[in-house]
Protein chains: 2
Amino acid sequence: MTVSKAATVYDVADRAGVSIATVSRVLRSPDAVRPVTRERVLDAVSALGYVPSGSARGLAERRTGVLGLYFPGFDAAEDAPPLDVLSDADAPPFAIVRDDADGDDGHTSMLFLDEVLRGAELEAWKQGFELMVGVGRDDPDRSTVRDMAGRVDGLMVLASSVPDDVLARLARRIPVVVLSGPPRGDHYDHVTVSNAEAMAELTRHVLAQVGDGPLAFLAGPEDSPDGLQRWEGFAAAVTAAGRSLDDVTVLRGDFTRGSGRRAAEELVVSGAPAALISANDQMALGALDVFRGAGIRVPEDLLVTGFDGIEAAALSRPPLTTIRQPMIDLGRAAVQVLARRLESMEAEPVLARLPLQILLRESSQRPS
Amino acid sequence: MTVSKAATVYDVADRAGVSIATVSRVLRSPDAVRPVTRERVLDAVSALGYVPSGSARGLAERRTGVLGLYFPGFDAAEDAPPLDVLSDADAPPFAIVRDDADGDDGHTSMLFLDEVLRGAELEAWKQGFELMVGVGRDDPDRSTVRDMAGRVDGLMVLASSVPDDVLARLARRIPVVVLSGPPRGDHYDHVTVSNAEAMAELTRHVLAQVGDGPLAFLAGPEDSPDGLQRWEGFAAAVTAAGRSLDDVTVLRGDFTRGSGRRAAEELVVSGAPAALISANDQMALGALDVFRGAGIRVPEDLLVTGFDGIEAAALSRPPLTTIRQPMIDLGRAAVQVLARRLESMEAEPVLARLPLQILLRESSQRPS
DNA sequence: ATGAAAGCGCTAACAA
DNA sequence: TTGTTAGCGCTTTCAT
């Protein structure tokens, strides 16, 4: 644990017998320095294990080279058990668990965020930025995101993870790009996807098979913008096909597997439709479970589709047709937009839309 | 895009009619300031949309309040397609894909890192730190991790993502904790798991069922420290049971599903053992596929176990017994260790070992 | 309770 | 090509 009190430019300059300006030059524009001098400086640098202070640089340069990515909070996190590695040193090296669990809800939603993060990190690296991440929690004064805003050159904010007023304030200091979700005014750049259009297309695909057989839609919570857009896409396709929405059985869930199961049970009781369009995968998977149990065959008796493209959707039986968000590309795109913005603050606000992938799988293909 | 040139303490001080020292006080120790004054300052703060500069703070305070997390690179990333959102504005809103893919290799390994990250972020938040993330890539001069080191108060490094010399150098400036993987000397704090012990325990569990029936071990690549530790745990349990390792059929794979399949095919030809212990889940899953195809029943004819606890292991048929790394806790523990270290540089290096979870599932339970 | 002033470590004019 | 020097925006003694 020998952490010496960090060498500075002065130390390096001393040791190399040059001025601090020369040290700085060697690091930032090596060619502006005579090779011999440069060598001497570099030697001093490695001898002292010198690493420039990001804070000092940031202050002098008036830019940090860091981009911030801010996520909505995943509830359960706050009350995670108070792990304490340091005290229980002699814990057993393993624990045995009989595991009969069947898939956890909630957990999965994170996977999307992970992918966005990966995309953002990749692109940030390509563009020469570092990445700082933060998660929105029930922070009374939103201090985290504000702290972040003070440390980064630009901020990427996922959907509704930051309330409007806070966002507006941060945007006065640094550029902000809003990711995924409905546009939030023309003061920010946006990167999003065409939820409604893709859902409409998928609905057309289903309608083409079921003709005017009975339809059910499994909706998300009322306050979900995504859920709403998906419903709108569905509704548009249905009406465009000359059918009335009154014929459609609309069930409301909360995006969890459990709520999907409950909805399906209702359907089983009231008589199964020809197709069930779900606003997300989790609910569709829950429904699939129930249908299997009830002896309703998918896709022979009933077509089912989801939305999101989670991994479990590919592994279900039958594999679930779904629409996949290009999460990695969302992250990458956000960084690109931000990087561009950083170069020209005057340009018009951007609204980039990324294409969704409709993954046709067995659950929506009626056997001919 | 109205990004004004960021207000500073001076602006706030002017507007509130106080000195910059008072502004600073209001923000850092509000009680040291008379309530009326404080109000006046806070008003100015929100009127101006003031957000303190992290760089200036970091410089003055000599600590940034940021922790760094550095991952090994996931190869394929570098040559990701050169996405360009800004140019193709009128791309179609969706694409239709007939998806018959059966599970992708490689991708999954990332999930672990994601969880570590989540744990680290959670704990960083609890401890009042921000988190910066970086991925190790084939960076000639490792500039990314060095940049990070210059910006953070402490660094968490995953396994072998940073070469020894670089690591040693960074550790001269800031505390470093090494996560998961074999200890790398006593200059760093470590947080890791007991690979070998857990594998030994799992092996005992299997041995208890197969008696002295023939055993096969599906090993990872030779140069994998994890793979090695797992083999050692297995070997220890086998010898402790009074059996010779010469009886064991050892197959070598590369941690991919494909290599698991190939190994299983060999086994099918040469005659299946009573149990197959695999060094990771992917390979075990590949093997499971082959056995099913060959009409070998798991667990009736053959027990199979994996290692890692990936999601697909819970969804396979039969569900795969495996050992799960406590990835979230690894992340949390790393932050805890780092935070502790930041308070006392003199304390002895820590080596924290987290317990693994042995998840017993159908694939290793011979029906009685 | 508040203000004045000295840095924190670096970059970037400007001089030499 | 190299050195001198004035900030960058904040925290923190030390006075008052």
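Quick note: numbers below take in every heavy atom, side chains included, and nothing from hydrogens, waters or symmetry partners. Protein chains get the first letters and strands the later ones, always in sequence-line order, with residue 1 at the start of each.
Side chains of A:Leu170 and A:Val166 form a contact here, defined as non-hydrogen atoms less than 4.5 Å apart. In this structure, the side chains of A:Ser53 and B:Arg62 stay at 4.5 Å or more apart for every pair of heavy atoms. Looking at A:Arg151 and B:Arg151, their side chains never come closer than 4.5 Å, going by heavy atoms from C-beta outward. Under the 4.5 Å side-chain criterion, counting only non-hydrogen atoms from C-beta, B:Phe129 is not in contact with B:Leu338. Under the 4.5 Å side-chain criterion, counting only non-hydrogen atoms from C-beta, B:Leu342 is in contact with B:Leu67.
Put simply, B:Ser55 has no side-chain N or O that comes within less than 4.0 Å of OP1 or OP2 on D:dG9.
Comparing B:Arg40 and B:Leu59 against DNA chain C, the residue whose closest nucleotide sits nearer the 5' end is B:Arg40.
First and last contacting nucleotides of DNA chain C toward chain B (any atom under 4.0 angstrom from a heavy atom, 5' to 3' order): C:dA1 to C:dG9.
Here the NE2-CZ distance, from A:His190 to A:Arg353, works out to 10.0 Å after rounding to the nearest 0.5 Å.
By the salt bridge (charged side-chain N to carboxylate O under 4.0 Å, His left out) test, B:Arg184 pairs with B:Asp164, sequence neighbours left out. By the salt bridge (charged side-chain N to carboxylate O under 4.0 Å, His left out) test, A:Glu130 is found to be paired with no residue, residues two or more places apart in sequence or in another chain being considered. Under the side-chain hydrogen bond (donor to acceptor under 3.5 Å, both in side chains) criterion, B:Ser180 pairs with no residue, sequence neighbours left out.
Computed from C1' positions of five pairs at each end, the angle between the two local axes of the helix from C:dA1-D:dT16 to C:dA16-D:dT1 equals 30°, rounded to 10 degrees.
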For nucleotides 11-16 of chain D, 5' to 3', base contacts (B), sugar-phosphate-only contacts (S) and non-contacts (-) with protein non-hydrogen atoms under 4.0 Å give BBB---
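A:Arg57 contributes no side-chain N or O that, together with a main-chain N or O of A:Ala60, makes up a donor-acceptor pair within less than 3.5 Å.
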